[in-house]
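Chain A is the first sequence line, chain B the second, and so forth, proteins listed ahead of strands; every chain is numbered from 1. All heavy atoms count here, side chains included; hydrogens, waters and symmetry mates do not. As the structure is a computational prediction, the values presented were derived from the model and not from experiment.
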Number of protein chains: 2
Amino acid sequence: MLVVDDEPQIVRALRINLSARGYSVLTAHDGTAALRAAAEGKPDVVVLDLGLPDVDGTEVIAGLRGWTTVPIIVLSARVDSADKVQALDAGADDYVTKPFGMDELLARLRAAVRRSAVAEGEDAVVETASFTVDLAAKKVRRDGVEVHLTPTEWGLLEILARNRGRLVAQKQLLQEVWGPAYAKETHYLRVYLAQLRRKLEPEPSHPRHLVTEPGMGYRFEP
Amino acid sequence: MLVVDDEPQIVRALRINLSARGYSVLTAHDGTAALRAAAEGKPDVVVLDLGLPDVDGTEVIAGLRGWTTVPIIVLSARVDSADKVQALDAGADDYVTKPFGMDELLARLRAAVRRSAVAEGEDAVVETASFTVDLAAKKVRRDGVEVHLTPTEWGLLEILARNRGRLVAQKQLLQEVWGPAYAKETHYLRVYLAQLRRKLEPEPSHPRHLVTEPGMGYRFEP
DNA sequence: GGTTCGCATCAAGGCGTCGTCAGGAAGTTC
DNA sequence: GAACTTCCTGACGACGCCTTGATGCGAACC
């Protein structure tokens, strides 16, 4: 979540309320910083004050809409309906006038997040040269045909695929798939990596996508 | 577009304004008629007054959200924030208090329609080789004849059909159909999936559309 | 060259999960 | 109040997954 406002007390109040409800909060005090923070932080919703010191709020909306469909909720002291129309038509999702009730804002945030969660869902597919992993549907296909994985096999592959390109430590894999008590059972990893390779790799004994980093962990190479 | 309000002058004003802007407008004067009109007319947005004569507006929202993600914009004379929170959390997309500015409402309508145009892609009728599920009408047909399902059976099938192609976790099914306290009663799932298969699958013991993913959940394959 | 350690592979047993059938309790309809 | 539907619960067999042990291989180190 990204909060953009130039009034420190508003930012502070929002940060406290939102953090308490489990959101992780980024903040920005002007439009330029807002666009940068949005690009780097990938927030799942943006709360934007229209009265910023550097650029017009409408331009910030347009700058965001150029590359993302993240929900934007506008906060503004202007009650004139022309402002609302302008902001909404620029691409904002909602418009709340100051002073606002915190519980109403939170409800509108929930509504916005819920909508975008529904819209999402389709595009979580990781592809390699020999197979594809659909993280949303929990499906793996190889040469077009679906490959059946057991829960443990899928648990491993999911973590590796979500961290594709990065090294994942043995301990992390063991703890997330088997639980904190199994952090040392590295034998499990060998057995299940072998099974995954047998099911997915063209040459299971010379893996190209499920790579061992000796002594450290494993890496998924798309 | 569906306009639901019991005050004729509001309905009339909206109809004129919206028709002039190219929307085709359906109207309803109470909640029962609204649900029927929504099911039959498949509007792409609903404008809903909360103060209806027959049922509570929140129930209308819930009734719609049971089978459709159509944008719902609530109109209400109540300014209390508790009302707003309740309506938004029930599934409304926006909340506008009367009296309202027509251009603001129109801007909010445009925003809602724009969002849902991006999201789209969801169909109310799911077809398989051996049966069809009509999510809007809550009906299942097999070889042209309607198959009677119990409420629990329908609850299961609805979730699976809405997530067709995707794996749905056992826990999610149990929590959404039976409630949060039943997240571990996996036996229920076995019993009811067997019943659904007996009613819908050509070979209930070799299911093709209601597939078990052992240890993880179930999947609807269209 | 021998030893040790980490990794890969195979095989087998135990046990948890799944599907199925059936019976009883609670609620609904006429 | 009887007949019916729906939901919950228990029992049981079958299958498949997880675990575990044994063995082989290669690299690093002494």
Side-chain angles (χ1 to χ4, degrees), chain A residues 138 140 146-160 167-171 173-220, chain B residues 138 140 146-160 167-179 181-220:
Chain A
K138 291 203 198 312
V140 180
E146 192 170 334
V147 180
H148 177 76
L149 298 186
T150 72
T152 310
E153 289 165 0
W154 173 259
L156 266 183
L157 183 62
E158 182 174 10
I159 297 174
L160 290 170
L167 171 67
V168 184
Q170 298 182 351
K171 199 164 125 186
L173 289 169
L174 286 164
Q175 289 186 343
E176 292 198 26
V177 176
W178 280 273
Y182 294 75
K184 301 238 163 105
E185 303 282 349
T186 59
H187 187 56
Y188 291 4
L189 290 180
R190 285 194 272 283
V191 173
Y192 279 95
L193 260 296
Q195 286 180 8
L196 280 174
R197 284 167 178 155
R198 186 148 33 84
K199 290 184 175 179
L200 301 178
E201 292 273 4
E203 296 175 87
S205 49
H206 297 87
R208 291 218 295 267
H209 305 109
L210 298 166
V211 187
T212 304
E213 297 283 352
M216 315 200 43
Y218 294 86
R219 190 156 42 87
F220 185 105
Chain B
K138 293 196 194 292
V140 182
E146 187 176 334
V147 179
H148 174 73
L149 297 186
T150 73
T152 309
E153 289 165 358
W154 172 258
L156 265 183
L157 184 62
E158 182 177 8
I159 297 174
L160 289 170
L167 173 68
V168 185
Q170 302 180 354
K171 201 161 104 181
Q172 183 186 345
L173 289 169
L174 287 164
Q175 289 185 341
E176 293 198 23
V177 176
W178 280 272
Y182 294 77
K184 299 241 165 103
E185 303 284 349
T186 59
H187 191 64
Y188 292 5
L189 291 179
R190 285 194 278 283
V191 173
Y192 279 94
L193 259 297
Q195 288 179 8
L196 280 174
R197 284 168 179 153
R198 192 147 15 94
K199 289 184 176 179
L200 301 178
E201 291 273 3
E203 297 175 87
S205 50
H206 297 83
R208 290 217 294 267
H209 306 109
L210 299 167
V211 186
T212 303
E213 296 283 350
M216 302 198 281
Y218 294 86
R219 184 199 306 277
F220 185 107

In whole angstrom, what separates Leu174(A)'s CG from dC18(D)'s C1'?
14 Å
Could you grab the distance from atom OG1 of Thr186(B) to atom OH of Tyr188(B), nearest 0.5 Å is fine?
10.5 Å
Of the listed dC18(C), dC7(C), dC17(D), the closest approach to the Pro151(A) side chain comes from dC17(D)
Let me know, please, whether Val191(A) or Pro204(B) comes out on the 5' side of the other along DNA chain C by nearest nucleotide.
Val191(A)
In whole angstroms, how far is the P atom of dG16(D) from the CG atom of Leu149(A)?
16 Å
Would you say Ser205(B) places a side-chain N or O within less than 4.0 Å of OP1 or OP2 belonging to dG19(C)?
no
Please determine if a side-chain N or O atom of Gln195(B) lies less than 4.0 Å away from the OP1 or OP2 oxygen of dT6(D).
no
Under 4.0 Å, heavy atoms only, any strand: does Glu153(B) hit a base, just the sugar-phosphate, or nothing?
nothing
Across the strands shown, which category fits Thr212(A) at heavy-atom distances under 4.0 angstrom: base, sugar-phosphate, nothing?
sugar-phosphate
Along DNA chain D (nearest heavy atom to each residue), the more 5'-positioned of Trp178(B) and Thr152(A):
Trp178(B)
When you measure from the side-chain N and O atoms of Thr150(A) to the phosphate of dC18(D), is any distance below 4.0 Å, counting only OP1 and OP2?
yes
Is there side-chain contact between Trp178(B) and Glu185(B), with heavy atoms separated by less than 4.5 Å?
no
Can you name the closest pair of heavy atoms from Lys199(B) and His148(B) and give their distance?
NZ-O, 3.0 Å
Main chain of Leu210(A), side chain of Glu201(A): is a donor-acceptor contact present, judged purely on distance under 3.5 Å?
yes
Restricting to side chain to side chain donor-acceptor pair (under 3.5 Å), what partner residues turn up for Arg219(A), sequence neighbours left out?
Glu213(A), Glu221(A)
Rounded to whole Å, please give me the gap between NE2 in His148(B) and C1' in dT29(C).
13 Å
Nearest-angstrom distance from the residue atom CD of Glu203(A) to P of dT9(C):
12 Å
To the nearest angstrom, the CD-P distance between Glu185(B) and dC18(C) comes to 13 Å
When rounded to whole Å, the NE2 to C1' distance for the pair His187(A) and dC18(D) reads 12 Å
Any side-chain N or O of Tyr218(B) below 4.0 angstrom from OP1/OP2 of dC18(C)?
no
Could you check which of dG19(C), dC18(C), dC8(D) has an atom nearest any side-chain atom of Tyr188(B)?
dC8(D)
Just compare dC7(D), dG19(C), dA8(C) and give me whichever is closest to any side-chain atom of Tyr192(B).
dC7(D)
Rounded to the nearest angstrom, tell me the gap between atom CG in Leu193(A) and atom P in dG6(C).
17 Å
Please work out if Glu213(A) contacts a base, only the sugar-phosphate, or nothing of the nucleic acid, heavy-atom cut-off 4.0 Å.
nothing
Integer-rounded Å distance: dA8(C) C1' and Arg190(A) CZ:
8 Å
